[in-house]
Amino acid sequence: MTGLMLASLVARGQDVEGWKLVWSDEFSRDGRPDSTTWNYERGFVRNQEAQWYQEANAWQEDGLLIIEARREHRPNPTYEEGSRNWGRQRPNIDYTSACLTTMGKREFLYGRLEVMARIPTAGGSWPAIWTLGRGMPWPSCGEVDVMEYYRIGGKPHILANVAWGSDRQYDAVWNSRKVPFTHFTQRDSTWAQRFHIWRMDWDEQSIRLYLDDELLNEVPLSTTINGSIGRHTNPFTRPQYILLNLALGGQNGGKIDDEALPMRYEIDYVRIYEKTDP
């Protein structure tokens, strides 16, 4: 298939062999993301990240969802002197970005999740495509990192992970694949300038995570059994919702390259397919 034919097929958002398209957001209308699908996280949320999440950093333009990380400086409205909470300890906001989620609005059980996106790769950037379950505390709710990008030991990697609960509170069991970024850039020096397709194929037997049709990680659901906190249930037999975010710094993002700001994470589409009968 030629590049032009592939681009045309991708742009149309239609059924593919063996799969029926059941929902998509093509971000075709300029302005705010669809409020019937997307929620926004607000404030300092997780992982001691540097950014304050807010709605203003996400919008649709020219057929893309844009999440922009910016250098901003203003007082932190949640600041509490002497607080032990890492977010409330900070007197100021120095960076802003956005995290969009479909929690309570668009959830799915089994099928194919496909996202086409172009990610920022400058220092400190931590873009992600991921899913979470509900009804149990993390990580017993289950987490799938369809894509994370950040530095490990100072070197950029792309990650494809699945996590579930152990017998200890907030202690996850991880099946993680960490692929050095050079694995991709050695084949294409312009990789970071291009859009790529991340995919999660999920059925009763396994979760498979792909990047541009290359299988990065496969996790059998026979192994994803929660510990005692999750009552020995399997979180991946229950619906998950989608999160799209651009974090900065924090526990994994590394040193932020202020000269690269503002950074843009651009999402062309999000699609969910159901498997058709053979």
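- Judged purely by distance below 3.5 Å, without hydrogens or angles, the side chains of Ser228 and Asp167 pair a donor atom with an acceptor atom.
- For the residue pair Trp59 and Asp30, no side-chain donor N or O sits within less than 3.5 Å of a side-chain acceptor on the partner.
- Between the side chain of Asn39 and the backbone N or O of Met103, at least one donor-acceptor pair lies under 3.5 Å.
- Lys105 contributes a side-chain N or O that, together with a main-chain N or O of Ser35, makes up a donor-acceptor pair within less than 3.5 Å.
- Dense packing is recorded around CZ of Arg74, with more than 12 heavy atoms of other residues, nucleotides or ligands lying under 6.0 Å away.
- The aromatic rings of Phe236 and Trp202 sit perpendicular to each other, their planes meeting at more than 60°, with 30° as the lower class boundary.
- With no hydrogens or angles considered, a side-chain donor-acceptor pair links Ser166 and Asp171 at under 3.5 Å.
- Between the Asn92 side chain and the Asn76 main chain, no donor and acceptor come within less than 3.5 Å of each other.
- A donor-acceptor contact shorter than 3.5 Å links the side chain of Thr102 to the backbone of Ile242.
- Between the side chains of Thr96 and Glu72, at least one donor N or O lies within less than 3.5 Å of an accepting N or O.
- At least one donor-acceptor pair under 3.5 Å links the side chain of Gln240 to the backbone N or O of Cys141.
- Side-chain atoms of Glu26 and Ser28 form no donor-acceptor pair, as typed in the model, at a separation below 3.5 Å.
- Taking the six-membered ring where tryptophan is involved, the planes of Phe181 and Tyr149 are perpendicular, since the angle between them exceeds 60° and thus also 30°.
- Note: Tyr210 and Trp198 fail the aromatic proximity criterion, with ring centroids not under 6.0 Å apart.
- Remark: Arg208 CZ to Asp201 CG distance equals 7.0 Å, nearest 0.5 Å.
- In this structure, Trp126 and Tyr150 have perpendicular ring planes: the angle between them is above 60°, well past the 30° mark.
- Using a cut-off of 4.0 Å between Lys/Arg side-chain N and Asp/Glu carboxylate O, Glu114 and Arg199 are scored as not salt-bridged.
- Note that the CZ atom of Arg177 and the CG atom of Asn175 stand 10.5 Å from one another [nearest 0.5 Å].
- By the neighbour-count criterion of 12 heavy atoms within 6.0 Å, atom CD of Glu259 is sparsely surrounded, having that number or fewer from other residues, nucleotides or ligands.
- We find the CD-OH distance between Glu274 and Tyr110 to be 13.0 Å, quoted to the nearest 0.5 Å.
- Side chain of Arg187 to main chain of His183: a donor-acceptor pair is present (N/O by atom type, distance under 3.5 Å, no hydrogens or angles).
- Electrostatic pairing of Arg134 and Glu107 counts as a salt bridge here, judged by a charged N lying under 4.0 Å from a carboxylate O.
- A salt bridge links Glu266 to Arg118: one of the charged nitrogens lies within less than 4.0 Å of a carboxylate oxygen.
- Side chains of Gln193 and Trp191: a donor-acceptor N/O pair is absent below 3.5 angstrom, by distance only.
- A donor-acceptor pair under 3.5 Å is absent between the side-chain atoms of Glu148 and the main chain of Asp145, judged by distance alone.
- Arg71 and Tyr95 form a side-chain donor-acceptor contact under 3.5 Å, judged by distance and modelled atom types alone.
- Residues Val270 and Met116 form no side-chain contact, since every pair of their non-hydrogen atoms from C-beta on lies 4.5 Å or further apart.
- With hydrogens and angles ignored, the 3.5 Å screen pairs no side-chain donor or acceptor of Asp94 with any backbone N or O of His73.
- A salt bridge is defined here as a Lys NZ or Arg NE, NH1 or NH2 lying under 4.0 Å from an Asp or Glu carboxylate O, and Arg194 with Asp188 meets this definition.
- Within the cation-pi definition used here (under 6.0 Å to the ring centroid, within 45° of the axis), Arg88 does not qualify as a partner of Tyr79.
- Between Pro139 and Asn226 the shortest heavy-atom distance is O-OD1, 4.3 Å.
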